[in-house]
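Structure first, commentary second.
Indexing begins at 1, ligand by ligand and atom by atom, following the structure's order.
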Amino acid sequence: MKNGIKRALITGISGQDGSYLARYLLGNGYEVFGASRDAQAASFTNLSKLGIRDKVKTVSMSLNDFRSVLQALVQIKPTEIYNLAAQSSVSLSFEQPVETMESITIGTLNLLEAMRFLGMPIRFYNAGSSECFGDTGGEPANEATPFRPKSPYAVAKSAAFWEVVNYRDAYDLFACSGILFNHESPLRQKRFVTIKIVNAAYRIAQGSGERLKLGNLDIQRDWGWAEEYVEAMWLMLQKEVPDDYIVATGETHTLKDFVSEVFLNFGLNWEDYVDFDQDLIRPNELLVSKADPIKAYHDLGWQAKYRMKDVARMMTEVIRDDWMNVR
Ligand code: NDP
């Protein structure tokens, strides 16, 4: 802390959560540093869209390279680190398992090791994932539910979660994981299904004449609004004692419901425009994802305000305003 100002380092700043978190922390008086694998080449479009590009200091950091991590921490001297960088796509993780594992498990380990090595009083947030739970037989997962990961991504996130627990227990580091369920926004990468649906429905409403191809429409997820989830990350690091928390709405819906809601927002019936595509079925599909986020409510005072229908509406409203097409 310099002159009482808190200094945050966000890895994966160019992503959806990194950009919203940066805006949130700047609003709370933080000095914000953002790490990208190549800060010179990255365009940081999401930061620009949020109007904060010139307020965030960006640095290059390779999470797989301990020297690079150590150097960044020595230079920046953060009071808080938010580790959001990852190969974050479940489907891509089946095609790039090693890249996924390394970016998540080695990346998290390098940050924890660097914190331990430097002995600086840094508070550490790690981006955990609901994918770690796998299928819970329709039961809502809480913080005590065992992990049964069903993808390379989920395996990596599970390992990183236990790295955090171990470094907290063994070395008394202030380290937490947020086990976040799906959260969406117009800043979501285009490869993710929610933004793909919103973009396609918009183009169809404009008369493109195309058809939207989707995989299993019966999968069930808990969809929240990314902008409010970043507050939960921050709240975890303000507690006296570090701990892990589920962050979710507590409501689960099928993908079919989400598709239907988005198309309705454009005045369309989804059944007239959507085709099933076998190629989009994953080798090992997580069917039902359900959350019990009561601990975050009790301990952090955090509760999701927006649910799936709000998320679908807000995403369609933004694309109608043509804001997303800046990309
Ligand atoms: P994004 O994919 O939008 O952003 C992640 C960032 O990580 C990218 O901008 C990129 O930054 C960096 N990155 C990408 N691939 C790699 C790689 N192979 N090695 C190192 N860095 C990489 O993710 P979100 O903002 O949506 O999510 C933030 C974190 O939360 C991620 O760890 C994700 O797995 C996790 N999460 C997200 C959920 C969601 O619903 N959004 C749910 C649960 C967990 P750059 O190219 O600048 O280096």
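In the candidate list Glu99, Gln87, Lys157, Met101, Glu99 is nearest to atom 18 (N) of ligand 1, counting heavy atoms. Of the candidates Gly12, Ala85, Ala86, the one placing a heavy atom closest to atom 13 (N) of ligand 1 is Ala86. Comparing heavy-atom distances from atom 25 (O) of ligand 1 across Thr11, Asp17, Asn46, Leu63 singles out Asp17 as nearest. Between the choices Ser60, Ser88, Gly15, Gly34, the shortest heavy-atom distance to atom 23 (O) of ligand 1 belongs to Ser88. When Tyr20, Tyr153, Phe44, Trp223 are checked for heavy-atom proximity to atom 35 (C) of ligand 1, Tyr153 turns out nearest.
What sits closest to atom 11 (O) of ligand 1 on the protein, heavy atoms only, is Ser14 OG, 3.1 Å. Looking only at heavy atoms of the protein, atom 30 (O) of ligand 1 is closest to Ala127 CB, 3.5 Å. Nearest protein neighbour of atom 3 (O) of ligand 1, counting heavy atoms only, is Gln16 N, 3.1 Å. In terms of protein heavy atoms, atom 29 (C) of ligand 1 is closest to Leu84 O, 3.3 Å. Protein heavy atom at the shortest distance from atom 43 (C) of ligand 1 is Leu180 O, 3.2 Å. With hydrogens left out, the protein atom closest to atom 39 (C) of ligand 1 is His183 CE1, 3.2 Å, a heavy atom.
A salt bridge does not link Lys290 with Asp222: none of the charged nitrogens is closer than 4.0 Å to a carboxylate oxygen.
With no hydrogens or angles considered, no side-chain donor-acceptor pair links Gln96 and Glu102 at under 3.5 Å. In the model, Asp257 has no side-chain atom that pairs as donor or acceptor with a side-chain atom of Ser260 under 3.5 Å.
Set against the non-hydrogen atoms of Gln189, the atoms of ligand 1 under 4.0 Å away are 1 (P), 2 (O), 3 (O). Of all atoms in ligand 1, numbered sequentially from 1 with element shown, those under 4.0 Å from a heavy atom of Asn182 are 40 (O). For ligand 1 and Ser103, the ligand atoms under 4.0 Å from any heavy atom of the residue are 17 (C), 18 (N), 19 (N), 20 (C).
Ring geometry, Phe263 versus Tyr273: the interplanar angle falls under 30°, so the pair is classed parallel (tilted spans 30 to 60°).
At least one N/O-N/O distance between Ser36 and ligand 1 falls below 3.5 Å. The shortest N/O to N/O separation between Gly128 and ligand 1 does not fall below 3.5 Å. Close N/O approach between Arg37 and ligand 1 is found [any backbone or side-chain N/O within under 3.5 Å]. On a distance-only criterion, Ser130 and ligand 1 share no N/O pair closer than 3.5 Å.
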- Task: Could you give me the CA-CA distance, side-chain angles and deciding distance for Glu227 and Tyr24, then say whether side-chain hydrogen bond (donor to acceptor under 3.5 Å, both in side chains) is met?
- Result: CA-CA 9 Å; Glu227 206 177 329; Tyr24 181 83; over 6 Å; no
- In sequence, state the C-alpha distance, the side-chain angles, and the governing distance for Ser103 and Gln87, and then conclude on side-chain hydrogen bond (donor to acceptor under 3.5 Å, both in side chains). CA-CA 6 Å; Ser103 70; Gln87 189 304 94; over 6 Å; no
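For the ligand labelled ligand 1, residue Arg188 lies inside the 4.0 Å heavy-atom shell.
The structure places CG of Asp243 at 7.5 Å from CD of Glu143, a figure rounded to the nearest 0.5 Å.
Glu228 contributes a side-chain N or O that, together with a main-chain N or O of Tyr306, makes up a donor-acceptor pair within less than 3.5 Å. Using a distance-only test at 3.5 Å, with no hydrogens or angles considered, no donor-acceptor pair links the side chain of Asn199 to the main chain of Tyr202.
With a 6.0 Å cutoff to the six-membered ring centre and a 45° limit on the axis angle, Lys6 does not count as a cation-pi contact of Tyr30.
The number of heavy atoms from other shown groups lying within 6.0 Å of CD (Glu210) is above 12. Other residues, nucleotides and ligands contribute over 12 non-hydrogen atoms within 6.0 Å of the CZ atom of Phe276.
Within the 4.0 Å heavy-atom criterion, neither part of Ala42 lies near ligand 1.
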